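What follows is a set of notes on a single structure, which appears directly below.
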Amino acid sequence: MSDLEQFRTETRAWLEENCPPEMREPARDDDDVCWGGRNFKFKSEAQKHWLERCVAKGYTVPDWPKAYGGAGLSPAETKILKSEMARLGCRPPLSSFGIWMLGPALLKFGTEEQKVHYLNQVARGEIRWCQGYSEPGSGSDLVSMQTFGEDKGDHWLVNGQKIWTSYANKADWIFCLVRTDKTNKYQGISFLLFDMMTPGVSTKPIKLISGNSPFYETFFDNVKVPKHQIVGEVNRGWDVAKYLLGHEREMISGGGLGEGMASIGAAWKDVAASEPVLRAQMALFDVEAMTFRAHSERFMDQWKTGTGHPAYSNLMKYVGTELNKKRHELVMAAGGSDALEWESERSKGGAKARTWLRTKANSIEGGTSEVMLNVVSKRILEMPGG
Ligand SMILES: Cc1cc2nc3c(=O)[nH]c(=O)nc-3n(C[C@H](O)[C@H](O)[C@H](O)COP(=O)(O)OP(=O)(O)OC[C@H]3O[C@@H](n4cnc5c(N)ncnc54)[C@H](O)[C@@H]3O)c2cc1C
């Protein structure tokens with residue numbers, strides 16, 4: 001038996017033994033997702049147990065080094081772990097901006113001290129992070145951001161405002177872009193980390209038409225950020241920000257492995273049998289999803305080994321999010337008027353309609369589809385202009 005086959009056998013046995021049956025059911029809503037953080041309340045003993053078992057094994061971040069809370073798995077082993085988890089239907093033990101976004105940026109740009117400190121906290125799910133990038137008037141044109149950090153010797157004094165800060169109310173810390181030089185657009189931004197409890201930080205919810213909102217405006221009023229809480233060099237935060245965005249876009253694309261890319265024709269076979277037009281659309285979607293999944297696998301292999309085109313995550317984000325939107329359009333069409341139910345128990349609080357509406361944001365968050373296409377044309381296709 002090869003080493004990898006041996007690893008697969010052991011992993012399968014470990015998962016069978018340690019993943020509670022409740023954690024093998026698909027998550028029904030956000031409450032089923034373990035986000036971690038200082039104030040996180042576990043929904044069940046099973047959720048807590050699953051997180052603790054994975055933390056002990058390094059499986060919340062399997063490919064990170066052991067010194068930073070990971071399991072030190074190779075890309076091939078990580079792939080095996082993921083496929084074995086998918087086979088058993090295991091939920092991710094921990095979902096976090098720390099894992100998907102900040103972690104990779106710290107692994108590349110952080111000091112050894114920062115890696116040991118922050119990455120271990122992320123891996124254990126102790127600190128929940130939010131992202132302070134967008135500002136009113138600075139979304140796609142992020143580099144025009146104005147939140148300013150004045151150099152005060154041992155700290156920066158930060159003043160300004162962020163917008164669309166997802167889960168700012170639940171986050172413990174923020175990774176935040178702050179202008180530290182007003183004379184240089186690109187090389188005048190620094191990437192700072194600070195506690196949301198720091199005096200001067202306040203948040204205000206942005207209400208959506210649905211009545212609730214995970215979005216906040218985040219205000220900084222003379223917030224003191226110690227100098228050692230910078231990632232990378234002073235005024236070179238744009239490099240960190242861009243690198244992090246690559247990981248964010250890869251994450252939002254869905255990587256082709258999530259439930260969103262499962263066969264829609266199989267899920268709605270009764271409708272497909274009686275509706276030829278829908279059946280054709282579903283078949284076309286399934287072919288596109290399969291192609292995307294195959295493409296994603298190649299992309300992920302290249303991404304993990306650092307051999308892919310650095311701008312490729314933009315292409316994956318564009319295709320993955322547009323496909324996800326298409327999938328939910330089809331779900332709504334297949335579900336008919338039933339799918340439009342908004343509040344009943346039968347419709348699980350309008351789960352289908354709410355998920356469909358949420359997918360509309362996929363092609364905006366982390367950079368819009370139009371902006372992704374601009375990047376693809378310039379950096380991958382090397383087309384002139386713009
Ligand atoms: C669900 C969700 C969660 C989010 N979470 C966060 C978060 O946690 N933290 C955070 O900092 N931000 C967050 N955002 C904000 C997000 O990053 C911005 O919405 C996004 O970057 C677009 O910026 P904008 O909304 O200012 O739109 P704009 O930049 O004003 O764009 C408006 C329209 O113009 C188009 N456009 C703009 N420039 C160009 C161009 N050069 N070429 C062609 N078309 C163009 C865009 O495609 C879009 O259609 C979130 C957004 C969403 C939807």
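Remember, it's 1-based here, ligands and their atoms both numbered in the order they're listed. Basis for what follows: all heavy atoms, side chains included, without hydrogens, waters or symmetry-related copies. A quick note: this is a predicted structure, and the numbers were derived from the prediction, not measured.
Look at E84 and R87 and you find a salt bridge, because one of the NZ, NE, NH1 or NH2 atoms lies within 4.0 Å of a carboxylate O, short of that distance.
W156 is not listed as a side-chain neighbour of V223, based on a closest heavy-atom distance of 4.5 Å or more. A 4.5 Å side-chain heavy-atom check between E233 and F191 finds every atom pair outside the cut-off.
When each of N120, I99, L94 is tested with V61 by the rule side-chain contact (heavy atoms from CB on, under 4.5 Å), just one qualifies, namely I99.
In this structure, a donor-acceptor pair under 3.5 Å is absent between the side chains of H117 and Y68. Of the N and O atoms on the side chains of D286 and S263, at least one donor lies less than 3.5 Å from an acceptor on the other residue. Side-chain contact, E135 with T147: a donor N or O sits under 3.5 Å from an acceptor N or O. N235 and N184 share no side-chain donor-acceptor pair at under 3.5 Å.
Ligand 1 has an N or O atom lying under 3.5 Å from an N or O atom of T368, backbone or side chain. At under 3.5 Å, a nitrogen or oxygen of S166, whether backbone or side chain, sits near a nitrogen or oxygen of ligand 1. For the pair S140 and ligand 1, the shortest N or O to N or O distance falls below 3.5 Å. The shortest N or O to N or O distance between E365 and ligand 1 is not below 3.5 Å. Below 3.5 Å of separation, one finds no N or O of R358 facing any N or O of ligand 1.
There is a protein heavy atom less than 4.0 angstrom from atom 29 (O) of ligand 1. Protein non-hydrogen atoms do reach within 4.0 Å of atom 5 (N) of ligand 1. Protein non-hydrogen atoms do not reach within 4.0 Å of atom 35 (C) of ligand 1. In this structure, atom 32 (C) of ligand 1 has no protein heavy-atom contact shorter than 4.0 Å.
Side-chain heavy atoms closer than 4.5 Å link hydrophobic residues (I, L, V, M, F, W, Y) into clusters, and following such links, even through other members, never connects W100 to I174. In this structure, I127 is not a member of the same hydrophobic cluster as F194, with clusters built from ILVMFWY side-chain heavy atoms closer than 4.5 Å.
Residues S363 and E322 share a closest heavy-atom pair of CB-OE2, 3.6 Å.
Closest to atom 10 (C) of ligand 1, if we only count protein heavy atoms, is S134 OG, 3.4 Å. Looking from atom 25 (O) of ligand 1 to the surrounding protein, the closest heavy atom is W164 NE1, 4.1 Å. Scanning all protein heavy atoms for the shortest distance to atom 39 (C) of ligand 1 gives V371 CG2, 4.1 Å. Protein heavy atom closest to atom 44 (N) of ligand 1, with residue, atom name and distance, is E370 CB, 3.5 Å. Shortest contact from atom 24 (P) of ligand 1 to any protein heavy atom: G139 CA, 3.9 Å. Summary of contacts: the protein heavy atom closest to atom 9 (N) of ligand 1 is Q131 O, 2.9 Å. Of the protein's non-hydrogen atoms, the one nearest atom 19 (O) of ligand 1 is I364 CG2, 3.6 Å. What sits closest to atom 40 (C) of ligand 1 on the protein, heavy atoms only, is N374 ND2, 3.5 Å.
The residue L142 has no part lying near ligand 1, judged by heavy-atom distances below 4.0 Å.
Aromatic ring centres of W35 and F40 lie farther apart than the 6.0 Å criterion allows.
Below 30°, between 30° and 60°, or above 60°: for F175 and Y133 the angle between ring planes is above 60°, a perpendicular geometry.
Interface atoms of ligand 1 facing Y133, defined by a heavy-atom separation under 4.0 Å, are 11 (O).
For the ligand labelled ligand 1, residue F215 lies inside the 4.0 Å heavy-atom shell. Look at E135 and you'll find every heavy atom at least 4.0 Å from all atoms of ligand 1.
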